[in-house]
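Some notes on the structure that comes next.
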Amino acid sequence: MKTLKLFALFFISLVFYNCSNEDDGLFIEDTAAIQKSSLNSNINWTGTWNSTYGELRFVEKGQLIYGDYADIGVIYGYRHFVNGKEYFEGTFENYRMNRKGIIRFEMDNPNFNNSFTGKWTWGNTPWYNWNGSKSSKKEPILKSFYNVKGQVLDNSTFLKIQNPISIEVFKNGIRHFSTMSENGLYALQLPKGSWELRVTDSRYQNFSRIIQVKENYDYNNYFTQNVFLTER
């Protein structure tokens, strides 16, 4: 019996050892999902911020955070969880310099949501400090993001698809924005430039379309791009 117990203990230890090495990525994903559900309600980036590099105006849409970088450019990214801490990580675009960089911001006190400490880099340079304090909790009107709207249609019937469809927005193969359609309609806010809209759904053939978002449109205050999906 003692030998049997020792063998069972050895087997369990071996299983956990293999899981910790081979399935580490899956474990991290599961842990992150749990952390998101517990921490998400404590962190609120929406509002206007005074920062090291000018006024920032942020809006949250689920895990997505984006907004104006002073009157210089834009910032966009997602919540990320590292060692139990939540960070706002993403990209900033400096239109004046025509350059893109990387940011990582951390809320100093999630219970108050009134200041953050962070860093930024061009990617090939050292990290520099970028801190801020919230001056208004009100959701700001963004100056450097533009509306993209459309219908999600069945390509054979041209009827709106009522089921929610995930629409993702890429640039250079990297996903930066996403939304879910509702009753056959979707809406996004995107910075100016060239973006790729994608739909990857098991029920439909893949859809991809390049759009050019700009500051002004002739007839509407938004860019229209309908999504046509064909059943598999």
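Computed over heavy atoms, backbone and side chain alike; hydrogens, waters and symmetry mates excluded. The first residue in the sequence is number 1, and the count goes up from there.
- Just one of L197, I210, I167, L188 meets the side chain to side chain contact (heavy atoms under 4.5 Å, CB included) condition when paired with Q225; it is L197.
- When all heavy atoms are compared, the tightest approach of T52 to N129 is CG2-O, 4.2 Å.
- Considering all non-hydrogen atoms of both residues, P164 and M180 come closest at CB-CE, 3.6 Å.
- If you look at F223 and Y146, their ring centroids are not closer than 6.0 Å.
- Cluster membership check: F207 does not share its hydrophobic cluster with L153, using side-chain heavy-atom separations under 4.5 Å among Ile, Leu, Val, Met, Phe, Trp and Tyr.
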Please report the C-alpha distance between L56 and D68 in whole Å, then the side-chain angles of each, then the deciding distance to 0.1 Å, and finally whether the side-chain contact (heavy atoms from CB on, under 4.5 Å) criterion is met.
-> CA-CA 6 Å; L56 307 178; D68 297 330; over 6 Å; no
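- The two residues K149 and A187 make their nearest non-hydrogen contact at CG-CB, 4.1 Å.
- Between K160 atom NZ and L185 atom CG the span is 4.5 Å, to the nearest 0.5 Å.
- Taken together through direct or relayed side-chain contacts under 4.5 Å among Ile, Leu, Val, Met, Phe, Trp and Tyr, Y186 and F170 form parts of separate hydrophobic clusters.
- A tilted orientation is assigned to the rings of W49 and F58, their planes being inclined by 30° to 60°.
- The only member of N42, T46, N44 that meets side chain to side chain contact (heavy atoms under 4.5 Å, CB included) when paired with N113 is N44.
- Between S181 and V152 the shortest heavy-atom distance is CB-CG2, 3.8 Å.
- In this structure, the side chains of E231 and Q205 stay at 4.5 Å or more apart for every pair of heavy atoms.
- Put simply, CG on L64 and OG1 on T179 are 9.0 Å apart, with the number rounded to the nearest 0.5 Å.
- The shortest distance between side-chain heavy atoms of I211 and V148 falls below 4.5 Å.
- In this structure, K85 pairs ionically with E106, as a charged nitrogen and a carboxylate oxygen lie closer than 4.0 Å.
- Counting only residues at least two apart or on different chains, the side chain to side chain donor-acceptor pair (under 3.5 Å) pairs with a member in residues 92-101 are Y76-E93.
- Formation of a donor-acceptor pair under 3.5 Å by the N183 side chain with backbone atoms of Q162 is not found in this model.
- A salt bridge links K192 and E215; the closest N-O separation between the charged side-chain nitrogens and carboxylate oxygens is under 4.0 Å.
- Checked against the 6.0 Å centroid criterion, the rings of W45 and Y66 do not qualify as a close aromatic pair.
- Interatomic distance, E89 CD to T91 OG1, rounded to the nearest 0.5 Å: 10.5 Å.
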Dump the intermediate steps for side-chain hydrogen bond (donor to acceptor under 3.5 Å, both in side chains) on T117 and N131, then the final yes or no.
-> CA-CA 4 Å; T117 54; N131 306 323; 4.9 Å; no
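- Looking at R198, its side chain never comes within 3.5 Å of a backbone N or O of N206 through a donor-acceptor pair.
- Looking at F92, W127, Y128 one by one, the single match for ring-ring contact (aromatic ring centres under 6.0 Å, His included) with W122 turns out to be F92.
- Listed for the R232 side chain is a donor-acceptor partner under 3.5 Å among the backbone atoms of Y204.
- Smallest separation of non-hydrogen atoms from D201 and I165: OD2-CD1, 3.7 Å.
- Environment of CD in E182: sparse, with no more than 12 heavy atoms of neighbouring residues, nucleotides or ligands closer than 6.0 Å.
- Taking the ring centre of Y87 as origin, the terminal cationic atom of R104 falls inside the region bounded by 6.0 Å and 45° from the ring axis.
- Under the 4.5 Å side-chain contact rule for hydrophobic residues, V169 and Y222 do not share a cluster.
- The closest side-chain donor-acceptor pair between S208 and E196 falls under 3.5 angstrom.
- Linking Ile, Leu, Val, Met, Phe, Trp and Tyr whenever their side-chain heavy atoms come within less than 4.5 Å leaves Y53 and I102 in two separate clusters.
- A cation-pi contact links R175 to Y78, judged by a cut-off of 6.0 Å to the six-membered ring centre and 45° from its axis.
- Contact record, T121 with N124: OG1-N, 4.2 Å, taken as the closest heavy-atom pair.
- Ring-centre distance between W130 and F116: not below the 6.0 Å cut-off.
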